[in-house]
Amino acid sequence: MNKVLVTLGSFALLLGCGSEMENTAKKEKPESDTRTITMLKDNNRGIVNNTNSPHVKLKSIDIGDCRWTEGFWADKWRTAEKVMIPYMGTLLKGDIGHGYNNFKIAAGLKEGEHKGFWWHDGDFYKWMEASVYIYAINKDEQIINELDEIIEVIGMAQQEDGYLSTPIIIRDDIKPFSNRRYHELYNSGHLLTSACIHHRVTGKTNFLDIAIKHANYLYDLFTPIPDHLKRFGFNQTQIMGLVELYRTTQDKRYLALAEQFINMRGTYKIDDDETTKGYPIGDMVQERVPLREETEAVGHAVLALYYYAGAADVYAETGEKALLDALDRLWENVTHKKMYVTGAVGQTHYGRSSRLDKIEEGFIDEYMMPNMTAYNETCANICNSMFNYRMLTLSGDSKHGDIMELVLHNSGLSGIGIEGKDYYYSNPLRKIDGALDYENMNVEFPERQPYLKCFCCPPNLVRTIAKSPGWAYSKSENGIAVNLYGGNTLETTLLDGSEIKLSQKSDYPWDGAVQITIEESKSEPFEMLLRIPAWAKGSKVTINGQPVENIVAGSFARIERKWSVGDVVSLEMPMEVKFIEGHPRIEEVRNQVAIKRGPIVYCLESPDLPKETTITDVYISGSKELKPKFQTDLFGGVTTIETEVMIRKDTLTDMYNEVSKPILEPFRTNFIPYYAWSNRGQGEMTVFMPIIWD
């Protein structure tokens, strides 16, 4: 047990009777009470803090236990540390992003109007959270000092009753929680999560005090459920935030409220009223069917997957089988009927659900998977990885780790440029110049943008990269599970309190060789679980050169033994280049294939084709060699796939054309990782293309 120091005011708030922060006309923050109360608390500092959750098979390691040291993820993490987060900070703290300005205005420290969308507070909290993950590794005190200044302003903006959402505070013509389209609970969820992470890493309570005060406000507001609030909570980040706050404080009210937000959905008549006007209703916000009865992923993909992730957190604490059964059904529906080969989700910008409700940025019918107009919001893809990480911890089933990895290496990273300073909101699988009217589309662009007015995706992606070391390992009942591969070190304690130190060396995902060395461990036997991806058929594992039997792709390889310092576990995953084809019902990719090697999906881009060649004129030959080639001078170092394609030279001009044998000319080119597309200027791109077999 570790001792945690909690300020008197914070402890009182835990009991639900703390004095509120002073909120005078000048918005001055009172001096902190220096008296402390010692409260015993488990050593429990995971990102998804499930160490004490009774219904979890794989427990979290603490933030900072794992560090990327070399290779792919180390490079991405360092870019997040040195470029992504500092650059994003200049946007959000300046007059472009305006996020910090909103808090200053709400605190009475600055004149002006609210700028940005209703959910902009939540995006600012995500950037704060990302900064804390970086601090957990590099211990740069400047990061925390800056956040302390920001937290003080946020505290001054918070209302006496605990309410905190700057667009409503700044404006005087809108009442709190008068219409759910204002996304107040989305802001709440990211506030609670960010504050919990800040407390776990720093031990400070200044941000946590704000979160507790706000959560108490929410509990009093929503319990019992007032009639005008019964359909609130559709952008369900508050469920995850409340569960993390429960795990941090052990105040059961927060878990009860989190579960209540699940129970509220799908239980009331679906009509427009004063609380819903201005935003689609029904399946768009997952309110047609109660979660425990739902069989299909519907509506806005981000809203849905945040909802599922929150429900997974609640199940981890309650163990309610109906919740897990529903999540398993929904996972199957998303993964096998509505997910792209890149792990992306949310097929369309505008459409309808199978129950004929209007939806935006979300799921449509099963197997309806357009390429060029695929929406695949970056946030939705990241949410897919968040959901799968939670399902991995609940079930211990490696299939969830496979999807988490797929997203991280493809449709997640594709949302940000290689340099870390420009972004995409949507992630299509094909782009054809002139095919889309970008001027009349509100979040899609022909090239990456240095700032997106709807800024939810960039900080979501950056915080995911920043926290990725925390996803690399989990603690099993008597050992350690390896979820992600890449050069890293791990120093943690197993669930029995014994210390373990590992080092991992690998050039994954470019190479399938992984070497894990025991640096320190207990003398008693324990297990090591190695995730063998489903694509890695024929993988081999050795310990100190001796083979391990029964290695099955699509499962965890379990090795239990008495370990010694210096023991080396070697994993060899075949990195064959493979063609991937879609289900026959996916009409847009009939007779087409994509290229995949390991976890990386590849695409073909205009810079790798002759000038004036459109991407739709390219055919791939099924008989030509697909040759991996590592290029150190491209995108910071990537493995490309070199092969010969066929380029059609005759032109089709009419809507429909008579068929004759096409004129095809061979051309040798390189396919690049999908995540790296659109980093060489404007051009065309495709993941799937027609295949010709000799």
Side-chain angles (χ1 to χ4, degrees), residues 47 63-64 66-69 72-103 116 119-151 153-154 190-191 193-202 204 207 378-379 381-382 385-386 408 412-425 448-472 486 488 636 675 679:
I47 297 168
I63 303 166
C66 177
R67 299 168 181 243
W68 298 119
T69 55
F72 184 87
W73 283 112
D75 291 343
K76 298 300 178 188
W77 195 93
R78 280 192 290 268
T79 301
E81 176 191 25
K82 302 297 184 183
V83 180
M84 294 179 185
I85 292 175
Y87 171 73
M88 191 172 292
T90 63
L91 294 176
L92 291 173
K93 292 181 295 179
D95 293 334
I96 296 176
H98 207 75
Y100 193 23
N101 285 344
N102 289 335
F103 285 103
W119 51 88
H120 206 41
D121 289 4
D123 304 333
F124 191 75
Y125 295 137
K126 281 183 275 188
W127 171 79
M128 294 176 68
E129 183 184 340
S131 299
V132 176
Y133 293 131
I134 297 298
Y135 168 77
I137 301 295
N138 70 13
K139 300 301 181 184
D140 182 354
E141 292 298 327
Q142 183 176 345
I143 295 174
I144 296 303
N145 292 337
E146 179 184 29
L147 290 179
D148 280 345
E149 294 177 5
I150 292 170
I151 291 166
V153 173
I154 293 173
H190 287 299
L191 164 64
T193 298
S194 185
C196 287
I197 297 299
H198 179 267
H199 172 66
R200 288 169 194 167
V201 170
T202 68
K204 296 186 176 185
F207 203 9
T378 301
C379 268
N381 308 336
I382 294 299
S385 67
M386 292 169 63
L408 290 177
L413 280 183
S414 59
I416 195 165
I418 294 296
E419 294 183 357
K421 289 187 174 182
D422 47 13
Y423 316 104
Y424 269 147
Y425 189 94
R448 297 183 183 276
Q449 300 294 300
Y451 179 71
L452 302 174
K453 185 178 179 182
C454 181
F455 204 65
C456 56
C457 297
N460 211 4
L461 173 53
V462 170
R463 72 167 176 162
T464 302
I465 295 171
K467 71 184 176 184
S468 60
W471 286 5
N488 65 61
Y675 76 79
N679 281 280

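The shortest side-chain heavy-atom distance between Leu92 and Asp123 does not fall under the 4.5 Å cut-off. For the pair Ile150 and Trp127, the minimum side-chain heavy-atom distance is below 4.5 Å. No side-chain heavy atom of Leu408 sits under 4.5 Å from any side-chain heavy atom of Ile465. By the 4.5 Å heavy-atom criterion applied to side chains, Lys467 and Tyr133 are counted as neighbours. The closest side-chain heavy-atom distance from Ile134 to Asp140 is not below 4.5 Å. Using a 4.5 Å heavy-atom cutoff, the side chains of Glu141 and Tyr135 are in contact. Residues Met128 and Ile154 meet the side-chain proximity criterion, which asks for heavy atoms closer than 4.5 Å. Within the 4.5 Å cutoff, the side chain of Cys456 has no heavy atoms near those of the His120 side chain.
Put simply, the side chain of Asn488 gets close to the backbone of Gly486: a donor and an acceptor are under 3.5 Å apart. Remark: side-chain polar atoms of Ser131 are not paired, donor with acceptor, to backbone N or O of Ile85 under 3.5 angstrom. Between the side chain of Thr79 and the backbone N or O of Gly420 there is no donor-acceptor pair closer than 3.5 Å. Of the possible donor and acceptor atoms, none in the side chain of Tyr87 sits under 3.5 Å from a partner among the backbone N and O of Asp422. Checking side-chain atoms of Arg200 against main-chain N and O of Ile47 turns up a donor-acceptor pair under 3.5 Å. Ser194 places no side-chain N or O within 3.5 Å of a backbone atom of Leu191 that could act as its donor or acceptor partner. Between the side chain of Asn679 and the backbone N or O of Ile418, at least one donor-acceptor pair lies under 3.5 Å. In terms of modelled atom types and a separation under 3.5 Å, the side chain of Thr193 and the main chain of His190 share no donor-acceptor contact. Not one N or O on the side chain of Lys421 forms a donor-acceptor pair closer than 3.5 Å with the backbone of Val83.
Distance check, rounded to the nearest 0.5 Å: CE of Met84 to CD of Glu419 gives 10.5 Å. Between the NZ atom in Lys126 and the OG1 atom in Thr464 there is a gap of 9.0 Å [rounded to 0.5 Å]. Separation of atoms OG (Ser385) and CH2 (Trp471) is listed at 3.5 Å; rounding is to 0.5 Å. Distance check, rounded to the nearest 0.5 Å: CG of Leu147 to CD of Glu129 gives 11.5 Å. Within the model, atoms CG of Asn381 and SG of Cys457 stand 8.5 Å from one another, a figure rounded to the nearest 0.5 Å. In this structure, CH2 in Trp68 is found 12.0 Å from CH2 in Trp77, a value given to the nearest 0.5 Å.
Nearest approach of Asn460 to Cys379, heavy atoms of both residues: ND2-SG, 3.3 Å. Considering every non-hydrogen atom in both Asn101 and Asp95, the closest pair reads ND2-OD1, 2.9 Å. Contact detail for Ile63 and Ala136: the closest heavy-atom pair is CG2-CB, 3.5 Å. Closest non-hydrogen pair, Cys66 versus Pro469, comes out as O-CB, 3.2 Å.
Aromatic ring centroids of Tyr675 and Phe72 lie under 6.0 Å apart. A ring-centre distance under 6.0 Å is found for Phe455 and Tyr423.
No side-chain donor from either of Asp121 and Asn102 sits under 3.5 Å from a side-chain acceptor of the other. Side-chain contact check for Tyr424 and Gln449: no donor-acceptor pair (N or O, by modelled atom type) lies under 3.5 Å.
No more than 12 heavy-atom neighbours from other residues, nucleotides or ligands sit within 6.0 angstrom of NZ on Lys82.
For Lys204, the side-chain contact (heavy atoms from CB on, under 4.5 Å) partners two or more places apart in sequence, or in a different chain, are Ile144, Asp148, His198, Thr202, Asn206.
Ring geometry, Phe103 versus Phe124: the interplanar angle falls from 30° to 60°, so the pair is classed tilted.
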